[in-house]
Structure formats: C-alpha cells, structure tokens
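Have a look at the structure below before the remarks.
Every heavy atom of this structure was used, including side-chain atoms; hydrogens, water molecules and symmetry mates were not.
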Amino acid sequence: MSIITESIDVEVPIRVAYDQWTQFESFPQFMKGVEEIRQIDDTHTHWTIDVSGHLREFDATITEQHPDQRVAWKSDSGPTHAGVITFHRLSDTTTRVTAQMDIDPDGFVENVADALGVLDRRVKDDMKRFKIFVEDKDTLTTGWRGDIDRPTT
C-alpha cells in the first residue's frame, strides 16, 4: 500500500476550487489517464481509466463531503484505493488543495509504476494541471454543495 500526499496553492477563492473539484466529469481535462467519470448519484461514481494502454473501469463511493472543506472516497471495485481532498483558505483569493491517497497497486505494471515513483509523479502533475485548469477558467462552475457525513461503522 502506498500513501501519496500532494498539495498545491491555487489562485482562486476556496469556493471556486471546491466547486470545480466536485465537477467529477471534468477530471479527464486535467488528470492524465482518466478517460471518463460518470456521477451515478450523490455518493457514487463510475471511472474509466487508461493504465499503460489498457482500459480499466471501477466504481467508487464518496464517503464524506463537506463544502469548501473536504471530499473523501474509497473504491468499490478494481484497484483498492481511498483518499481525501482537503481545501484550506489561505486568503480571499488563494486556496491550498491537498490530496492524500492510499493506493494498493494491482498487477505487475501498477506495482512497477509504484516502485519507480510513477504514481507519486502522476498525482503531482495532476495537481499542477488542476491549478492551471481552475485558474484559467473563464466561467465558474457550481458544484453540488450537499454534506455527506463519514460512516459511523
């Protein structure tokens, strides 16, 4: 199991950063290897990703979500992973976005990629692309701003 943590400061208000991040369907525009994400309902997503030329699909559940604070998830199928994205107000116009993920690589290719630090670099590069994506947006999107409390079990 690998733990990856990466932070980046974006020059947008916390609400803008959070709202854009919760537009899961836009992830392919800044996450390398993500082909498509479909939001099934308030707590479930279906992902299609490209892993070294092989398409893989999996489902994930949003386990906790609090506007302008955090979004946490866990995989329901496919490679075992879970994570949380947190949003920290640095000023009225600057937000720190932090990703923390626990990933259990599945299969030879993913284990080699993990051992070589490819997964760490991928997350770092995705965060840099998110910064460019959110700061260059001409129009602001509005995300779903409901709360999902962490399961008690």
Side-chain angles (χ1 to χ4, degrees), residues 1-8 10 12-88 95-107 109-111 113-114 118-153:
M1 177 84 60
S2 290
I3 298 173
I4 299 170
T5 303
E6 186 63 42
S7 292
I8 196 151
V10 295
V12 297
I14 195 168
R15 183 179 183 116
V16 173
Y18 174 86
D19 283 355
Q20 186 58 64
W21 190 274
T22 59
Q23 297 299 306
F24 304 112
E25 293 86 359
S26 71
F27 281 16
Q29 296 178 54
F30 61 87
M31 284 188 175
K32 187 173 182 180
V34 175
E35 297 293 317
E36 177 186 36
I37 300 176
R38 283 185 289 120
Q39 184 143 9
I40 308 303
D41 57 32
D42 290 345
T43 60
H44 297 94
T45 56
H46 181 80
W47 294 60
T48 303
I49 60 172
D50 183 327
V51 179
S52 299
H54 302 296
L55 288 182
R56 299 181 88 178
E57 296 188 36
F58 65 90
D59 295 317
T61 297
I62 298 166
T63 58
E64 186 179 8
Q65 185 169 342
H66 302 291
D68 302 337
Q69 296 176 24
R70 65 192 296 118
V71 179
W73 76 93
K74 68 174 186 62
S75 62
D76 298 325
S77 61
T80 302
H81 67 280
V84 62
I85 304 295
T86 56
F87 303 85
H88 306 275
T95 303
R96 177 162 295 144
V97 180
T98 301
Q100 181 178 357
M101 293 181 273
D102 300 330
I103 300 172
D104 189 7
D106 184 33
V109 171
E110 291 177 24
N111 277 291
D114 184 38
V118 172
L119 298 178
D120 284 326
R121 284 192 303 281
R122 170 76 55 90
V123 172
K124 181 179 223 156
D125 290 345
D126 286 346
M127 295 294 278
K128 288 178 184 176
R129 284 188 291 273
F130 176 71
K131 175 180 175 64
I132 293 166
F133 181 74
V134 73
E135 289 177 356
D136 286 347
K137 292 293 287 182
D138 289 334
T139 59
L140 301 179
T141 60
T142 302
W144 180 72
R145 300 194 58 81
D147 272 304
I148 299 170
D149 290 323
R150 183 180 334 165
T152 57
T153 59

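Rounding to the nearest 0.5 Å gives a distance of 5.5 Å between CD of Gln39 and CD of Glu25. Between the CD1 atom of Ile40 and the CG atom of Asp42 there is a distance of 12.0 Å, given to the nearest 0.5 Å. Interatomic distance, Thr61 OG1 to Trp73 CH2, rounded to the nearest 0.5 Å: 12.5 Å. Between the CZ atom of Arg56 and the OG1 atom of Thr48 there is a distance of 12.0 Å, given to the nearest 0.5 Å. Here CD1 of Ile14 is found 8.0 Å from NE2 of His88. Values are rounded to the nearest 0.5 Å.
Residues Asp76 and Phe58 form no side-chain contact, since every pair of their non-hydrogen atoms from C-beta on lies 4.5 Å or further apart. Considering only heavy atoms from C-beta on, His46 comes within 4.5 Å of Glu57 through its side chain. Residues Phe133 and Ser26 are in side-chain contact: their nearest non-hydrogen atoms beyond the backbone lie under 4.5 Å apart. Contact of the Val71 side chain with the Thr22 side chain is registered, since non-hydrogen atoms from C-beta on lie closer than 4.5 Å. Proximity of His81 to Asp102: side-chain heavy atoms (C-beta onward) are nowhere separated by under 4.5 Å. Using a 4.5 Å heavy-atom threshold, the side chains of Met127 and Val97 count as touching.
Of all non-hydrogen atoms in Ile62 and Gln65, the two that sit nearest each other are CG2-OE1, 3.6 Å. Counting all heavy atoms, side chain and backbone alike, Pro67 lies closest to Tyr18 at CA-CZ, 3.4 Å. The shortest non-hydrogen separation linking Ala60 to Trp47 is CB-NE1, 4.1 Å. Considering every non-hydrogen atom in both Val134 and Val12, the closest pair reads O-CG1, 3.9 Å. When every heavy atom of Pro13 is checked against every heavy atom of Thr95, the shortest pair comes out as C-OG1, 3.2 Å. Residue Asp68 comes nearest to Arg15 through the heavy atom pair OD1-CA, 3.4 Å, listed as atom of the first residue, atom of the second, then distance.
Here salt bridge (Lys or Arg N to Asp or Glu O under 4.0 Å) pairs that include residues 124-133, with residues two or more places apart or in two chains, are Asp126-Arg129, Lys131-Glu135.
The backbone N or O of Asp59 lies less than 3.5 Å from a partner atom in the side chain of Ser77, making a donor-acceptor pair.
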So Thr98 and Glu6, side chain to side chain donor-acceptor pair (under 3.5 Å) or not? Walk me through it.
-> CA-CA 6 Å; Thr98 301; Glu6 186 63 42; over 6 Å; no
Walk me through it: do Thr86 and Gln69 pass the test side-chain contact (heavy atoms from CB on, under 4.5 Å)?
-> CA-CA 6 Å; Thr86 56; Gln69 296 176 24; over 6 Å; no
Under the side-chain contact (heavy atoms from CB on, under 4.5 Å) rule, what do Leu55 and Ile49 come out as? Steps first, then yes or no, please.
-> CA-CA 6 Å; Leu55 288 182; Ile49 60 172; over 6 Å; no
Hey, can you pull the donor-acceptor pairs under 3.5 Å for the side chains in residues 30-38, sequence neighbours left out?
none

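Partners of Phe24 by ring pair (Phe, Tyr, Trp, His ring centres under 6.0 Å), not counting sequence neighbours, listed by chain and number: Phe27.
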